[in-house]
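See structure below.
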Amino acid sequence: MQIINIKSAIRNYTVHFSETTDFLNDLEEIKQRFYVIDSNVWEIYSSKLFANIDKTRVMVLPIHEERKNIDTVMEVYDAIMSCSAKRNLTLVSIGGGITQDITGFVASTLYRGLKWIFIPTTLLAQADSCIGSKTSLNYKNYKNLVGTFYPPNEVYLTPLFLNTLQDHDFYSGLGEVVKLHLMGGGNCVYFLSQNMDRIVERDPQYLLQAISNSLKVKLSYLEDDEFDMGKRNLLNFGHCFGHALETTSKFTIPHGQAVLIGILFANIVSRNRGLLTPEVFDELRQNLLEPNIMMRPTETDMDVDSIYTAMKMDKKRTNEGLVLVMMFGDYGMCKVEDMSYNELEQANAELIKLMMNEK
Ligand SMILES: NC(=O)c1ccc[n+]([C@@H]2O[C@H](COP(=O)([O-])OP(=O)(O)OC[C@H]3O[C@@H](n4cnc5c(N)ncnc54)[C@H](O)[C@@H]3O)[C@@H](O)[C@H]2O)c1
């Protein structure tokens with residue numbers, strides 16, 4: 001089994017990559033264990049994969065973005081405490097990013113920190129969120145406002161889970177995979193352009209490679225900046241415009257898809273500033289970005305004034321200008337804080353034309 005060891009100021013941990021689900025049997029050897037499993041994952045896999053696990057130690061958790069809050073955390077506390085859990089409990093969570101955020105928060109707070117194993121079952125959670133130590137809850141209308149830094153002790157992942165993901169969720173995860181490969185430079189971009197067909201067919205071997213590449217690139221940006229004070233900001237590539245588009249589209253565009261559209265936007269600005277050649281811009285647009293944008297925004301979603309208002313809300317913004325993470329030259333990354341309204345208007349107009357073209 002391939003592994004990646006991750007250094008963290010909180011605790012070092014390991015991501016295990018597997019082509020099978022055999023690791024699930026080993027979890028049953030843990031004496032004090034409690035599982036929290038996404039209800040959709042439970043429904044699909046309970047008879048096949050979870051048939052042998054002790055059902056008295058399982059909480060099946062219905063998840064939804066609206067449930068990623070402190071009330072659901074309390075439901076999990078109650079379920080764990082109802083089986084007389086002590087500090088030596090190992091929490092095993094199985095699901096996507098929402099399950100990770102809720103159970104990670106539980107693990108970091110109950111008894112001031114439980115042992116925690118995470119088994120990500122979505123592409124987004126496998127290729128991106130499972131490393132980085134963040135746990136986040138929504139508070140009222142504020143997304144991810146409350147949270148902690150608390151990595152799992154172990155992550156076990158297998159692409160076999162991804163066969164049952166709905167397209168909407170698969171392509172959302174794929175957006176982050178494309179982003180991380182672009183940030184990884186020439187070899188990663190080459191791998192992705194050559195193998196995109198196999199990845200979208202969900203070939204496990206190629207998915208595993210794409211997930212492993214993505215995590216290694218993310219890791220290179222987390223190094224020395226686990227607590228998000230500088231370099232880690234660059235992982236927001238595609239997110240500055242992407243978050244604004246999620247808001248203006250009332251979240252009808254899934255996160256990873258908004259990120260891909262956000263990368264296209266950032267590349268337009270970068271090309272307009274002379275930081276990206278027209279050739280590289282076109283190659284990335286034609287080969288990696290446009291073919292993987294499956295959910296397109298409407299013209300109303302891309303109304304320039306609404307996007308401007310949303311981009312002004314960026315948490316990282318300290319100056320008058322707008323913040324944008326951009327690519328330059330040979331896969332270099334930088335963050336600017338001086339994007340003007342006029343620059344936004346010009347790039348947004350070009351993006352609207354690209355998005356309105358029939359595929
Ligand atoms: N903590 C972090 O560092 C971090 C990073 C990025 C995103 N996030 C958070 O992650 C969340 C999004 O995560 P996500 O995209 O994984 O979504 P998710 O957890 O909502 O899962 C998406 C859907 O897929 C279903 N599902 C999960 N595994 C499945 C499987 N194997 N087969 C079929 N269906 C399955 C879920 O029930 C859900 O309906 C957001 O709340 C976001 O804020 C957290």
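Atoms considered below: every heavy atom in the structure, side chains included; atoms not considered: hydrogens, waters and symmetry mates. One-based numbering, in listed order, for ligands and for the atoms of each. Bear in mind that the values here come from a model prediction, so they are computed numbers and not experimental data.
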- prompt: What residues join I53 in its hydrophobic cluster, counting side-chain heavy atom gaps under 4.5 Å, either direct or through other members?
  reply: F23, L24, L27, I30, Y35, I37, V41, W42, I44, Y45, L49, F50, V58, V60, V92, I94, I117, I119, Y156, F161
- prompt: Just checking, any donor-acceptor pair under 3.5 angstrom between side chains of N5 and T14?
  reply: yes
Are any protein N/O atoms closer than 3.5 Å to the N/O atoms of ligand 1? If there are, list each pair with names and the distance to one decimal place.
from	atom 1	to	atom 2	distance (Å)
ligand 1	1 (N)	D101	OD1	2.8
ligand 1	1 (N)	K134	O	3.0
ligand 1	13 (O)	G97	N	3.3
ligand 1	16 (O)	G97	N	2.8
ligand 1	16 (O)	T122	OG1	2.6
ligand 1	19 (O)	G97	N	3.1
ligand 1	19 (O)	I98	N	3.0
ligand 1	28 (N)	T121	O	3.4
ligand 1	28 (N)	T121	OG1	2.7
ligand 1	31 (N)	T121	O	3.1
ligand 1	31 (N)	F161	O	2.9
ligand 1	32 (N)	T164	OG1	2.7
ligand 1	37 (O)	D38	OD1	3.0
ligand 1	37 (O)	D38	OD2	2.7
ligand 1	37 (O)	N40	ND2	2.7
ligand 1	39 (O)	N40	ND2	3.3
ligand 1	41 (O)	E65	OE1	2.7
ligand 1	41 (O)	E65	OE2	3.4
ligand 1	41 (O)	K68	NZ	2.9
ligand 1	43 (O)	K68	NZ	3.0
ligand 1	43 (O)	K143	NZ	2.9
ligand 1	43 (O)	N144	ND2	3.4

message: Checking side-chain polar atoms at under 3.5 Å, does N213 have a donor or acceptor matched by the opposite partner on Q209?
response: yes
field: Under 3.5 Å donor-acceptor, K55 side chain and A51 backbone
entry: yes
- request: Evaluate the criterion salt bridge (Lys or Arg N to Asp or Glu O under 4.0 Å) for residue pair K218 and E176; output intermediate values, then yes/no.
  value: CA-CA 10 Å; K218 180 165 178 182; E176 295 287 1; over 6 Å; no
message: We want to know whether Y150 and T109 form a side-chain donor-acceptor pair, criterion being a heavy-atom distance below 3.5 angstrom.
response: no
